[in-house]
Participant: 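Dropping a structure here in structure tokens format, bear with me for questions.
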Protein chains: 2
Amino acid sequence: MAYHFAPIKLDDRGHIRDSVFAILRNAILDKKLEPGQKLVERTIAEQLGISRTPVREAINQLVLERLVTHIPRKGVVVSGFSKADIIEILAIRTSLEALICSIAATKIKPRDLKRLESLAKQITEEHGKGNFKKSNQLNDKFHEIIYKAAESPRVYSFLYTLHEYITKFTQVAYSKPGRWEEVWVEHNEIIEALGRHDSSQAEVVAKRHAENSSKAFLQMANWEKD
Amino acid sequence: MAYHFAPIKLDDRGHIRDSVFAILRNAILDKKLEPGQKLVERTIAEQLGISRTPVREAINQLVLERLVTHIPRKGVVVSGFSKADIIEILAIRTSLEALICSIAATKIKPRDLKRLESLAKQITEEHGKGNFKKSNQLNDKFHEIIYKAAESPRVYSFLYTLHEYITKFTQVAYSKPGRWEEVWVEHNEIIEALGRHDSSQAEVVAKRHAENSSKAFLQMANWEKD
DNA sequence: GCAAGTTAAATGGTATACCAAATGCCAAAC
DNA sequence: GTTTGGCATTTGGTATACCATTTAACTTGC
């Protein structure tokens, strides 16, 4: 029930608030902090061996990311993610994946297309060898290349955040049987559309890819709560 | 060049940081603060007659909204919005409008459909009478009803923020000749799709509506800068 | 014994104090 | 005159102190 954090290491030259933000965020996404749990500035600051100020700033950022909810005159509590929340997040990701892919189609360079082709092959290979962790990493890289090719900083950062929610918060071993064979096909459809610089087609196939991933994801995740 | 803010009124019981955030945000969106201008915590705090703390928190929020940029060891400066930025923002809005409309189609109640029908008529009427301000207000209300019907808090708040950027930051008298006749048609297409609870169709017409609005907007806004 | 009022603890919001890094200016040395 | 070293100022980051509000417990009166 109670939380406890080890004192923070001050070795790094980064800002304490960012470290605190990462600590709290990971604790929530890893479910070390349960939904409904109250976060008390002073307590966290004492445990980390720092003052309230950076803790405050970290908590403010968590509020803006909706990972915690500020209840006036009550403090902040860890938000719960309902099934409806997950569905909303997946839907947003789907929309923005389609968007970023259609933008990327207009800007992508041959070099990145080559890297995508190579990655798509490797993903399938590694999965065939049973290296699921590796294939997931490569999959992330695949999408990251597309994200970056679009040169759309806002869409990129939205998608990055959403991606972390989806993969970290829900610790689903993301591999529905047969899904990776579909992924191979869909990745090639995406590469093909990007290669032809066909925005509308890229949008269509990226949307379908994200929708299928979302479906597979929801099927794997058995949700209890509403 | 230099900025100056009047001392803040402490009458209201809301948090000072929120007031400061609103003041700075409006100043940026209204171009009272020019891009590249440096924001100094102490200076703003002194001018507003408060301490640095709430100013700090307000500035942090502005950083997260990308209205100001934090340059390490330099301070925060007001971000400029390039044409590419506007295009990105319009594209995100288009995607999310299509999404929220498709969600709304599955959830909308007869009462809201009635209100939409009535609003669509009023918008056209008021525009016909030359009450452009009024028709714009009603138009916002029209979209707000759809936003709320979708019961998707994250999409809603994204769209809300984007809407403020688009309308406030760019002070375009948003009325390309002939556009409102199209709007009348498009609004009715949206109402029709929502009424049939046809998600895919709602998505299609909402996307087209947002795309056309974006086009009209970009045509009206003559951008000088890259 | 129960209820109401008063007080003390908890907690978040704000103000202020302190510190470290960086920048710029001034003086001294060449 | 130029360059370099050092000091002062600026500025943001962090710590701490103070205040207001709320909650809860305890006491006191019925």
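Note that the structure is a prediction, hence the values are computed from the model and not measured. So you know, we letter chains A, B, ... as the sequences are listed, proteins then strands, and number each from 1.
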Participant: Could you work out, with side chain to side chain donor-acceptor pair (under 3.5 Å) as the rule, every residue matching Glu203(B), not counting sequence neighbours?
Facilitator: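 Applying side chain to side chain donor-acceptor pair (under 3.5 Å) to Glu203(B) gives Lys207(A).
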
Participant: Once you build an axis from the first five pairs and another from the last five of the helix from dG1(C)-dC30(D) to dC30(C)-dG1(D), how far apart in angle are they, to 10 degrees?
Facilitator: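 For the helix from dG1(C)-dC30(D) to dC30(C)-dG1(D), the axes at opposite ends meet at about 20°.
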
Participant: Specify whether His143(A) and His209(A) have parallel, tilted or perpendicular ring planes, treating 30° as the upper limit for parallel and 60° as the lower limit for perpendicular.
Facilitator: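 Parallel.
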
Participant: Is Lys148(A) paired with Glu144(A) through a side-chain N to carboxylate O contact shorter than 4.0 Å?
Facilitator: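 Result for this pair is yes, salt bridge flagged.
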
Participant: Which label fits Tyr147(A) and Tyr156(A): parallel for a plane angle under 30°, tilted from 30 to 60°, or perpendicular past 60°?
Facilitator: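 Tyr147(A) vs Tyr156(A) ring planes: perpendicular.
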
Participant: For the NZ atom on Lys107(B), are there more than 12 heavy atoms of other groups (residues, nucleotides or ligands in this structure) within a distance under 6.0 Å?
Facilitator: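 Yes, the 6.0 Å shell around NZ holds more than 12 heavy atoms from other groups.
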
Participant: Please list, for nucleotides 10-14 of chain D, all pairs of protein and nucleotide N/O atoms separated by less than 3.5 Å.
Facilitator:
from	atom 1	to	atom 2	distance (Å)
dG12(D)	OP1	Leu39(B)	O	3.4
dG12(D)	N7	Arg42(B)	NH1	2.9
dG12(D)	O6	Arg42(B)	NH2	3.4
dG13(D)	OP2	Arg56(B)	NH1	3.0
dG13(D)	OP2	Arg56(B)	NH2	3.1
dG13(D)	N7	Arg52(B)	NH2	3.0
dG13(D)	O6	Arg52(B)	NH1	2.8
dT14(D)	OP1	Ile16(A)	N	2.6

Participant: Identify the heavy atoms of Leu194(A) and Cys101(A) that sit nearest to each other, and give their distance.
Facilitator: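 So the minimum-distance heavy-atom pair works out to CD2-O, 3.6 Å.
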
Participant: Looking at Arg17(B) and Glu57(B), does any basic side-chain N land under 4.0 Å from a carboxylate oxygen?
Facilitator: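 Glu57(B) and Arg17(B): salt-bridged.
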
